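Inspection log for the structure reproduced underneath, given as structure tokens.
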There are 2 protein chains.
Amino acid sequence: MKLSSSGQGQQAHEGENKCLNSELWHACAGPMVCLPTVGTRVVYFPQGHSEQVAATTNKEVDTHIPNYPDLPPQLICQLQNVTMHADVETDEVYAQMSLQPLTPEEQKDTFLPMELGIPSKQPTNYFYKTLTASDTSTHGGFSVPRRAAEKVFPPLDFSQQPPAQELIARDLHDIEWKFRHIFRGQPKRHLLTTGWSVFVSAKRLVAGDSFVGLLVNFCHRNEKNQLLLGIRRATRPQTVMPSSVLSSDSMLIGLLAAAAHAAATNSCFTVFYNPRASPSDFVIPLSKYVKAVFHTRVSVGMRFRMLFETEESSVRRYYSS
Amino acid sequence: MKLSSSGQGQQAHEGENKCLNSELWHACAGPMVCLPTVGTRVVYFPQGHSEQVAATTNKEVDTHIPNYPDLPPQLICQLQNVTMHADVETDEVYAQMSLQPLTPEEQKDTFLPMELGIPSKQPTNYFYKTLTASDTSTHGGFSVPRRAAEKVFPPLDFSQQPPAQELIARDLHDIEWKFRHIFRGQPKRHLLTTGWSVFVSAKRLVAGDSFVGLLVNFCHRNEKNQLLLGIRRATRPQTVMPSSVLSSDSMLIGLLAAAAHAAATNSCFTVFYNPRASPSDFVIPLSKYVKAVFHTRVSVGMRFRMLFETEESSVRRYYSS
DNA sequence: TTGTCTCCCAGGGGGAGACAA
DNA sequence: TTGTCTCCCCCTGGGAGACAA
């Protein structure tokens with residue numbers, strides 16, 4: 001069937017191991033999102049995580065959830081691994097993080113220099129455009145903003161009349177899409193024609209969703225420039241759907257129990273972070289957390305003592321700011 | 001967009017409370033599936049439940065899961081509620097069950113007569129047909145097996161030439177679909193033409209999936225007969241997709257922790273049963289379980305004593321048979 | 001009885017510039 | 001600069017019987 005076949009080109013060797021392009025992930029996640037660096041220490045907030053899961057399952061966090069006395073309101077972990085993914089159905093980006101709870105002794109270690117903030121690599125040559133009614137209509141293609149086309153697309157040969165080329169772009173699942181890029185009309189403008197409507201219906205895009213285009217350099221390969229594409233869905237009022245696998249209560253319990261079990265046994269646990277689903281982060285770099293708690297710069301040595309002296313106070317709601 | 005609009009008729013007042021037609025649910029679930037009766041006592045098998053969730057999340061049950069010493073391998077519960085549902089995306093049927101763990105005293109109560117087996121109501125006037133390549137091709141409609149059309153569809157007026165009518169059917173989400181039903185061709189046969197291709201693309205049906213048609217009588221309403229329709233998807237090798245909400249480990253932990261917590265606090269918990277996803281049931285009528293354990297009929301009074309004397313033996317694997 | 005093919009033809013929609021915001 | 005409209009025409013795909021499994 002047309003819609004279940006994905007893309008027109010060769011299928012990507014899809015594997016969950018395959019980590020998608022970091023710049024593309026950030027371009028789709030939005031400029032406000034940054035992920036903690038692998039190897040650094042982070043603070044994990046079970047309640048913030050609960051709120052994301054509750055928001056995703058359209059469920060209020062209620063009182064049916066048992067208390068986990070072993071589970072503190074924030075858990076200091078080492079970030080063992082971060083992988084970037086995109087939902088198979090919706091292309092929405094999310095991150096999978098492996099968190100290793102730290103023993104009190106490990107927590108007392110001084111900061112590594114790298115923990116003081118290497119921001120995630122933000123994309124440079126990219127654009128996004130919110131799709132108009134004309135972009136998603138059955139008549140005609142996608143109107144590319146002029147600056148975007150000039151910055152991100154390969155340059156057209158203006159000696160041709162009209163100037164046109166075939167664009168090949170790969171999406172978040174590494175599937176190839178082809179578009180005819182033409183510069184025509186009166187006045188002249190950049191358009192994507194052939195291939196665009198297939199993309200719109202395959203991705204089920206509607207006016208209000210956004211198209212993300214990104215130019216990346218793979219210097220280590222022979223292929224120099226590569227065009228990537230992604231989407232940002234409009235925040236629709238009712239995107240959430242019932243799970244049909246596990247009750248939302250069990251999910252919320254599972255989240256807490258998994259963290260509590262990992263903390264008790266000093267073993268790794270895994271969380272999914274969906275930057276566009278939840279209003280608040282729940283995995284924060286420890287350095288950022290410490291700064292936020294004290295609102296001031298203090299010497300490295302004293303941070304931890306003060307942190308633990310104050311952790312019973314109001315800092316618990318940090319993630320919700 | 002065409003594919004996100006569902007059906008052509010009025011949207012149903014969709015609510016999760018709304019329980020779909022029991023006969024339609026069973027027609028889609030298949031003849032082997034029957035659900036325990038509300039109010040009766042059932043046996044819940046955490047391990048069988050784990051296997052379903054693991055199968056759904058494409059995850060093997062491994063050793064990362066902590067033991068729950070409070071949680072027995074089977075839990076005797078009263079079935080507080082059963083509601084039948086269909087997945088919003090795929091139309092696959094599943095059941096939501098509320099289970100109330102029973103105290104040892106409650107377990108000792110004698111059987112109620114109704115517990116000795118009222119089977120779920122199986123559909124009578126229904127048919128299903130596995131879709132052929134022609135059924136799902138872009139050229140032409142759906143070839144209705146003759147007996148099916150005669151049994152389930154309203155009779156055609158054969159004085160017309162050709163005999164034809166408009167069929168109105170409601171799907172698992174109570175959304176209305178319209179089809180032109182015509183009897184034509186040489187030799188004559190029943191066909192669904194106009195409306196069929198919209199249905200195929202909206203439900204994303206492919207050859208190998210099955211169409212389910214059902215005629216029901218609503219005697220309590222004025223409308224006498226109603227046509228319902230459903231889908232059985234072909235079991236595809238790779239239907240499962242990563243969750244992006246909660247790690248499969250956390251889900252498996254959550255399932256066990258929720259059951260253990262419910263058993264400890266004597267409170268209700270909720271499970272989803274997907275009859276087509278898992279190879280084994282994990283909520284069994286207590287009467288059926290007792291019969292299976294003893295392979296023989298014994299008097300009502302002695303059942304429970306013997307049950308508890310033997311429960312440490314091999315009955316644990318009952319659900320996987 | 002029904003799955004597949006081919007043929008026919010109408011309508012949907014892609015691709016173009018016009019025009020205005 | 002770019003969103004929407006309309007127009008034109010091609011080609012996809014609904015709908016029919018033929019034919020054979």
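Predicted model only: the values in this text are computed from it and were never measured. In what follows, chains are A, B, ... by sequence order, proteins preceding strands, each numbered from 1.
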Quiz item: Rounding to a whole Å, what distance do you find between B:F142:CZ and C:dT4:P?
Solution: 13 Å
Quiz item: So which nucleotide does C:dA20 pair with, by the Watson-Crick or G-U wobble rule with both distances under 3.5 Å?
Solution: D:dT2
Exercise. For B:F158 and B:F183, run ring-ring contact (aromatic ring centres under 6.0 Å, His included): C-alpha distance rounded to whole Å, both residues' side-chain angles, the deciding distance at 0.1 Å, then the answer.
Key: CA-CA 9 Å; B:F158 283 93; B:F183 187 72; 5.4 Å; yes
Practice problem: Mind telling me whether A:F211 and A:F142 have parallel, tilted or perpendicular rings, with 30° and 60° as the class edges? | Solution: tilted
Exercise. For B:D135 and C:dG3, give me the distance from atom CG to atom C1', rounded to whole Å.
Key: 8 Å
Quiz prompt | nucleotides 15-21 of chain C: protein proximity per nucleotide (B base, S sugar-phosphate only, - neither; heavy atom, under 4.0 Å) | solution = BBBBBB-
Exercise. Measure from NZ or CZ of A:R232 to the centre of the six-membered ring of A:Y128 and say whether it is under 6.0 Å with the direction within 45° of the ring axis.
Key: yes
Practice problem: Grab the CZ-C1' distance between B:R147 and C:dT2 for me, whole Å please. | Solution: 13 Å
Quiz item: Can you name the residues that form a salt bridge (charged side-chain N to carboxylate O under 4.0 Å, His left out) with B:K129, not counting sequence neighbours?
Solution: B:D135
Practice problem: Please determine, for C:dC7, whether a Watson-Crick or G-U wobble partner exists with both distances under 3.5 Å, and give it or none. | Solution: D:dG15
Self-check item: Within 45° cone of A:F127 ring axis and under 6.0 Å: A:R147 NZ or CZ
Solution: no
Practice problem: Would you kindly give the CG-to-C1' distance between B:L131 and C:dG3, to the nearest whole Å? | Solution: 13 Å
Quiz item: Does the pair B:K203/B:E89 count as a salt bridge with the N-to-O cut at 4.0 Å?
Solution: no
Quiz item: Are any of A:S134's side-chain N or O atoms less than 4.0 Å away from OP1 or OP2 of D:dG3?
Solution: no
Quiz prompt | A:Q165 side, atom CD; A:H181 side, atom NE2 - distance, nearest 0.5 Å | solution = 6.0 Å
Quiz item: In whole angstroms, how far is the P atom of D:dT2 from the CZ atom of A:F183?
Solution: 10 Å
Quiz prompt | From C:dT4, D:dG3, C:dG14, nucleotide with atom closest to A:S197 side chain | solution = C:dG14
Quiz item: Separation of B:L192 atom CG from C:dT2 atom C1', in whole Å?
Solution: 14 Å
Self-check item: Those residues of residues 123-130 of chain A lying under 4.0 Å from DNA chain D by at least one heavy atom
Solution: A:K129
Exercise. Could you state the atom-to-atom distance from NE2 of B:H181 to P of D:dG14 in whole Å?
Key: 19 Å
Exercise. To the nearest Å, give me how far apart CH2 (B:W196) and P (D:dG13) are.
Key: 17 Å
Exercise. Answer with base, sugar-phosphate or nothing: what part of the nucleic acid does B:T132 contact at a heavy-atom distance below 4.0 Å?
Key: sugar-phosphate
Practice problem: To the nearest 0.5 Å, tell me how far A:H139 NE2 sits from A:S134 OG. | Solution: 11.0 Å
Self-check item: Watson-Crick or G-U wobble mate for D:dC9, both contacts under 3.5 Å
Solution: C:dG13
Quiz prompt | Ion pair check, A:D91 and A:R233, cut-off under 4.0 Å | solution = no
